[in-house]
Amino acid sequence: MKVDIFSEKTARILSFIGLLMIVLGAIFFIIFGDWEFSLTLSEEKVGQFGDFVGGVVGTILAFVGVILYYIALTEQRKDIDINRETLLTQVKALDQQIKEFKAQTEELQETRKVYEEQTNLYREQTNYYQQQVKELKNQTKVNSLQQFNSEFYSLLNVFISIKKDCEGPISKLLDILKDRLKTKDDTICNRHSILIEEYTKLYYNNTSSLSVYFKTFYRLLKMIEDSSIEAERKQRYAKTLRSQLSENELLLLYYDYCSVLGEKVRLLAIKYNLFKHL
């Protein structure tokens with residue numbers, strides 16, 4: 001078993017021995033010393049006792065002080081080592097935190113890159129989708145225009161064939177209307193009312209030949225109005241339709257739209273300026 005001389009236990013033992021020697025020394029010094037009791041204290045005897053205490057006990061107590069000082073240095077060294085180890089542990093923990101922080105920073109940067117890539121991809125997809133929607137709208141518009149062209153010109157051809165058959169009845173009806181007005185002698189306003197009244201009578205007498213003509217013409221105007229094409233294109237189609245009308249047809253249409261027979265289509269005729277050249 002290893003005995004550590006420089007320990008607190010040794011210091012306590014030596015301290016106890018030193019105190020015990022002081023007490024024992026005093027007892028032996030008093031009992032076995034050569035004393036002559038008197039009122040005067042012998043300086044020589046006291047000096048001898050002091051030399052004993054200072055030489056023997058002082059040496060022991062000094063050695064105890066050395067032991068305690070050594071213990072204090074040892075404990076201080078241990079504390080320093082512990083503090084050093086603690087500091088190293090803290091430094092290692094700090095280094096680990098720095099590494100983790102760097103790893104988190106790199107991960108965050110990677111996440112940001114992924115997010116930016118996803119954002120760019122989403123923008124590209126959105127732009128691509130918008131472009132597709134735009135192209136689809138344009139294609140739909142083109143298809144609608146092509147379909148409208150097909151339907152409009154097909155119906156226009158039907159109208160042209162109908163109007164050829166109606167040119168004679170229209171001319172005859174206008175001549176009759178002109179002859180009837182010659183017999184009327186009245187103011188301009190009255191003549192206009194009379195003219196519309198006479199036209200209405202003539203129309204009902206010629207419904208079989210004129211009804212299809214007016215219905216087909218109204219259908220063409222209504223087709224232009226209800227289409228989804230631009231207003232400028234609508235005006236172009238209306239001009240195309242108007243270019244197919246003769247002077248007599250324009251006059252007949254004017255009379256018709258001034259009467260109760262043309263109330264439904266009157267606004268369209270005004271909107272598309274059908275009587276511009278009448």
Side-chain angles (χ1 to χ4, degrees), residues 85-164 211-246 249-250 253-254 256-257 261-278:
E85 291 178 358
T86 303
L87 182 60
L88 290 175
T89 303
Q90 291 177 349
V91 171
K92 290 180 180 179
L94 183 60
D95 290 339
Q96 186 64 28
Q97 289 179 350
I98 292 173
K99 291 180 180 178
E100 292 178 356
F101 178 73
K102 288 182 178 179
Q104 290 177 353
T105 303
E106 293 176 357
E107 183 178 357
L108 182 61
Q109 290 177 350
E110 292 295 328
T111 304
R112 183 177 179 181
K113 289 181 181 178
V114 172
Y115 173 75
E116 290 178 351
E117 291 176 358
Q118 290 178 344
T119 303
N120 293 333
L121 179 60
Y122 174 75
R123 288 177 180 172
E124 290 177 0
Q125 290 177 343
T126 302
N127 293 333
Y128 178 72
Y129 172 74
Q130 290 177 348
Q131 185 66 26
Q132 282 187 327
V133 171
K134 187 176 180 180
E135 291 177 358
L136 181 61
K137 287 182 178 179
N138 292 335
Q139 186 64 36
T140 303
K141 189 180 293 184
V142 171
N143 292 337
S144 299
L145 184 59
Q146 289 177 347
Q147 182 179 359
F148 177 79
N149 276 337
S150 177
E151 294 178 357
F152 176 79
Y153 286 107
S154 296
L155 187 59
L156 183 62
N157 290 331
V158 173
F159 175 72
I160 292 173
S161 63
I162 292 173
K163 70 187 289 295
K164 289 180 180 179
S211 177
V212 178
Y213 174 87
F214 283 118
K215 288 180 180 179
T216 307
F217 186 80
Y218 171 73
R219 179 58 189 158
L220 283 167
L221 274 181
K222 190 64 176 173
M223 181 184 294
I224 295 172
E225 178 65 16
D226 294 340
S227 66
S228 58
I229 60 178
E230 300 88 347
E232 185 179 354
R233 287 184 179 274
K234 290 182 179 182
Q235 291 291 342
R236 292 179 185 175
Y237 283 106
K239 289 179 180 179
T240 301
L241 177 59
R242 186 179 62 197
S243 66
Q244 301 300 320
L245 301 177
S246 64
E249 288 176 278
L250 286 174
L253 289 170
Y254 174 76
D256 185 76
Y257 298 156
L261 300 173
E263 287 181 349
K264 187 165 59 174
V265 76
R266 185 180 302 154
L267 294 178
L268 294 178
I270 295 172
K271 179 178 180 179
Y272 294 108
N273 204 9
L274 292 182
F275 308 114
K276 178 179 180 180
H277 303 296
L278 182 62

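For residues 145-164, the set of pairs meeting the side chain to side chain donor-acceptor pair (under 3.5 Å) definition, not counting sequence neighbours, comprises Gln147-Glu151, Asn149-Tyr237, Lys163-Glu249. Pairs engaging residues 221-231 under the side chain to side chain donor-acceptor pair (under 3.5 Å) rule: Glu225-Lys271, Glu225-Tyr272, Glu230-Arg233 [sequence neighbours left out].
Under the side chain to side chain donor-acceptor pair (under 3.5 Å) criterion, Gln132 pairs with Tyr128, sequence neighbours left out. Every side chain to side chain contact (heavy atoms under 4.5 Å, CB included) that Val133 has, sequence neighbours left out, goes to Tyr129, Lys137. Partners of Glu232 by side chain to side chain donor-acceptor pair (under 3.5 Å), not counting sequence neighbours, listed by chain and number: Arg236. Residues satisfying the side chain to side chain contact (heavy atoms under 4.5 Å, CB included) criterion with Ile162, sequence neighbours excluded, are Val158, Cys166, Val212, Tyr213, Thr216. When the side chain to side chain contact (heavy atoms under 4.5 Å, CB included) test is applied to Thr89, no partner is found at least two apart in sequence or on another chain. Evaluation of the side chain to side chain contact (heavy atoms under 4.5 Å, CB included) rule for Glu135 yields Gln131 as partners, not counting sequence neighbours.
In this structure, Glu85 CD and Leu87 CG are separated by 11.0 Å, a value rounded to the nearest 0.5 Å. The CZ atom of Arg266 sits 10.0 Å away from the CG atom of Leu261 when rounded to the nearest 0.5 Å. Taking CG of Leu155 as the reference point, atom CD1 of Ile160 lies at 10.0 Å (rounded to 0.5 Å). The line from CG of Asn120 to OH of Tyr115 is 10.0 Å long, rounded to the nearest 0.5 Å. Here Glu124 contributes atom CD and Thr119 contributes atom OG1; the two are 11.0 Å apart, rounded to the nearest 0.5 Å. Atom CZ in Phe152 sits 6.0 Å away from atom OG1 in Thr240 (nearest 0.5 Å).
Shown here is Phe148, whose CZ atom has more than 12 heavy atoms of other residues, nucleotides or ligands within 6.0 Å.
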Atom pairs and distances, donor-acceptor, side-chain atoms in residues 90-113, under 3.5 Å, two or more places apart:
from	atom 1	to	atom 2	distance (Å)
Thr105	OG1	Phe101	O	2.7
Thr111	OG1	Glu107	O	2.7
Arg112	NE	Glu116	OE2	3.3

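Contact annotation: the side chain of Leu268 never approaches that of Ile224 to less than 4.5 Å [non-hydrogen atoms, C-beta and beyond]. Side-chain contact between Phe217 and Leu241 is present, with heavy atoms from C-beta onward closer than 4.5 Å.
Taking both residues in full, the closest heavy atoms of Gln244 and Leu156 are given as CG-CD1, 4.1 Å, listed atom of the first, atom of the second, then distance. Nearest heavy atoms, Lys234 versus Ile229: CE-O, 3.5 Å. Annotation for Leu245 and Leu250: closest pair CD1-CD2, 3.7 Å, computed over non-hydrogen atoms.
For the 3.5 Å distance criterion, the side chains of Gln139 and Asn143 qualify, holding a donor opposite an acceptor.
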### Task
In sequence, state the C-alpha distance, the side-chain angles, and the governing distance for Phe275 and Leu253, and then conclude on side chain to side chain contact (heavy atoms under 4.5 Å, CB included).
CA-CA 9 Å; Phe275 308 114; Leu253 289 170; 4.0 Å; yes
